[in-house]
Structure formats: C-alpha cells, structure tokens
Amino acid sequence: QVQLVESGGRLVQAGGSLRLSCAASGRTISTYVIMGWFRQAPGKEREFVAASWSEGSTYYAGSVKGRFTISRDNVKNTVHLQMNSLKPEDTAVYYCAAGVRTLSPSSAGSYNYWGQGTQVTVSS
C-alpha cells in the first residue's frame, strides 16, 4: 500500500525557515518519475510549489523560486522541501505528491498519490 506522510509544518515568524519532509512507504521514491509539493491556503485552490524528477532536475513556482528547495533522499525514502525567507503568504497546508509518468509537473492531475498535508503558518 502506497503511503505518503508529510511532517515538519508549524508556526514560524516571517523571514524564518522550515524543512518539510515527506516519508514514502509501499514503494521506493526512486521509482516515481516525479515528486512534488503543492499547497492550499484557506479559500484558495491548491497550487503547485515544487517538483523533482527522478533524473535529478527540479522545477519551481515563480513565487517560491530562490527561496524553496526540493530534494530527494533515496536512502531514507523521503522528499524534503527546504523553505527559507518565509512570508505570511506562504501560509497554507502543504501536500506531498508522487507521479509515475512524466506529465506537466505543475498540474495536480499529473500525480497519482497524495499525502494528507501538513500545516505551515507564517506570522508577520
């Protein structure tokens, strides 16, 4: 049974940093063509944050590029999202996702599996 479990979300002040983790079970992350992070703020649609392809390349939303970094730890079967210079507008529930085919990385429909999410709150 494939499962993705996010952790690391909490309340942080603006300008601070957080590292989110997504632990995968039931399948090794190296077999996923793409791993991604999305977020959803209250009253808004889920939006793409970052993606990592199995061959090593990464892709970021413009709003987080230069501040966030996605990485894979194949030994621990975990994907991380390092978030620096956090802003109040980064407040959202963050979701980890995994896809088995190479499709559009910013489209939620490209992913086959999703975690339950972890809350990130950035205070001003």
Side-chain angles (χ1 to χ4, degrees):
Q1 180 181 357
V2 173
Q3 192 173 17
L4 301 174
V5 179
E6 302 94 337
S7 62
R10 63 176 175 86
L11 173 65
V12 63
Q13 287 188 333
S17 298
L18 277 179
R19 188 173 84 153
L20 304 183
S21 298
C22 171
S25 60
R27 181 168 176 163
T28 58
I29 61 172
S30 60
T31 65
Y32 292 119
V33 172
I34 190 166
M35 298 291 299
W37 286 93
F38 285 73
R39 67 187 182 186
Q40 187 166 18
K44 295 187 178 181
E45 294 187 353
R46 190 170 298 190
E47 66 172 0
F48 168 75
V49 175
S52 165
W53 278 270
S54 56
E55 45 82 5
S57 58
T58 56
Y59 177 63
Y60 297 91
S63 59
V64 306
K65 193 172 184 179
R67 300 189 297 124
F68 291 11
T69 303
I70 186 172
S71 62
R72 296 190 185 209
D73 184 337
N74 290 331
V75 173
K76 295 184 177 180
N77 216 36
T78 300
V79 177
H80 299 289
L81 183 69
Q82 177 66 43
M83 306 187 295
N84 299 327
S85 302
L86 283 161
K87 305 175 182 180
E89 51 263 44
D90 294 319
T91 294
V93 177
Y94 282 71
Y95 298 90
C96 173
V100 300
R101 294 178 295 171
T102 303
L103 299 173
S104 171
S106 59
S107 172
S110 298
Y111 297 83
N112 305 94
Y113 306 103
W114 291 83
Q116 293 300 307
T118 185
Q119 175 71 48
V120 172
T121 303
V122 184
S123 64
S124 58

Could I get the full list of side-chain contact (heavy atoms from CB on, under 4.5 Å) partners for [X], not counting sequence neighbours?
X	answer
Ser54	Arg72
Val100	Arg27, Tyr32, Asn112, Tyr113
Ser124	Pro88

What are the two closest heavy atoms between [X] and [Y], and how far apart are they?
X	Y	value
Val79	Ile29	CG2-CD1, 4.0 Å
Gly8	Leu18	O-CD2, 3.8 Å
Ala108	Trp114	O-CZ2, 3.5 Å
Ile70	Tyr60	N-OH, 2.9 Å

Salt bridge (Lys or Arg N to Asp or Glu O under 4.0 Å): pairs with one or both residues in [range], sequence neighbours excluded:
range	answer
residues 45-70	Arg39-Glu47, Arg67-Asp90
residues 97-115	none
residues 3-17	none

>> Please evaluate residues Leu20 and Thr118 with respect to the criterion side-chain contact (heavy atoms from CB on, under 4.5 Å), reporting the C-alpha separation (whole Å), side-chain torsions for both, the decisive distance (0.1 Å), and the verdict.
In response: CA-CA 8 Å; Leu20 304 183; Thr118 185; 4.1 Å; yes
> Do the side chain of Thr78 and the main chain of Lys76 share a donor and acceptor less than 3.5 angstrom apart?
Replying inline: yes
>> Between Ser110 (side chain only) and Pro105 (backbone N and O only), is there a donor and an acceptor less than 3.5 Å apart?
In response: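 Not at all, since once roles are kept as given, no pair shorter than 3.5 Å links the two residues.
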> Taking atom CD of Gln119 and atom CG of Leu11, what is their separation to the nearest 0.5 Å?
Replying inline: 9.5 Å
> Going from CZ on Phe68 to CG on Leu81, what distance comes out if it is rounded to the nearest 0.5 angstrom?
Replying inline: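 One gets 6.0 Å once the value is rounded to the nearest 0.5 Å.
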> Can you name the residues that form a side chain to side chain donor-acceptor pair (under 3.5 Å) with Ser85, not counting sequence neighbours?
Replying inline: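 Applying side chain to side chain donor-acceptor pair (under 3.5 Å) to Ser85 gives none.
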> Who passes side chain to side chain donor-acceptor pair (under 3.5 Å) against Gln3, sequence neighbours left out?
Replying inline: none
> Val5 and Gln116: side-chain contact (heavy atoms from CB on, under 4.5 Å), yes or no, with the steps?
Replying inline: CA-CA 7 Å; Val5 179; Gln116 293 300 307; over 6 Å; no
> Applying the 4.5 Å side-chain criterion to the ILVMFWY set and letting contacts propagate, would Met35 and Tyr95 be lumped into a single cluster?
Replying inline: no
> Linking I/L/V/M/F/W/Y whenever their side-chain heavy atoms sit closer than 4.5 Å, directly or via other members, would Val12 and Met83 fall into one cluster?
Replying inline: yes
> Linking Ile, Leu, Val, Met, Phe, Trp and Tyr by side-chain heavy atoms under 4.5 Å, what else ends up with Val75?
Replying inline: none
>> Under the side-chain hydrogen bond (donor to acceptor under 3.5 Å, both in side chains) definition, can you give me all pairs with a residue in residues 15-25, not counting sequence neighbours?
In response: Ser17-Asn84, Ser21-His80
>> Does anything in residues 88-124 form a disulfide (SG to SG under 2.5 Å)? List the pairs, not counting sequence neighbours.
In response: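 Sorted result for residues 88-124: Cys22-Cys96.
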> Listed by chain and number, what are the ring-ring contact (aromatic ring centres under 6.0 Å, His included) partners of Phe48, not counting sequence neighbours?
Replying inline: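 By the ring-ring contact (aromatic ring centres under 6.0 Å, His included) rule, Phe48 matches Phe38, Tyr59.
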>> Are Trp53 and Val33 packed together at the side-chain level, in the sense that at least one heavy-atom pair is separated by less than 4.5 angstrom?
In response: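 In short, these two side chains touch, coming nearer than 4.5 Å.
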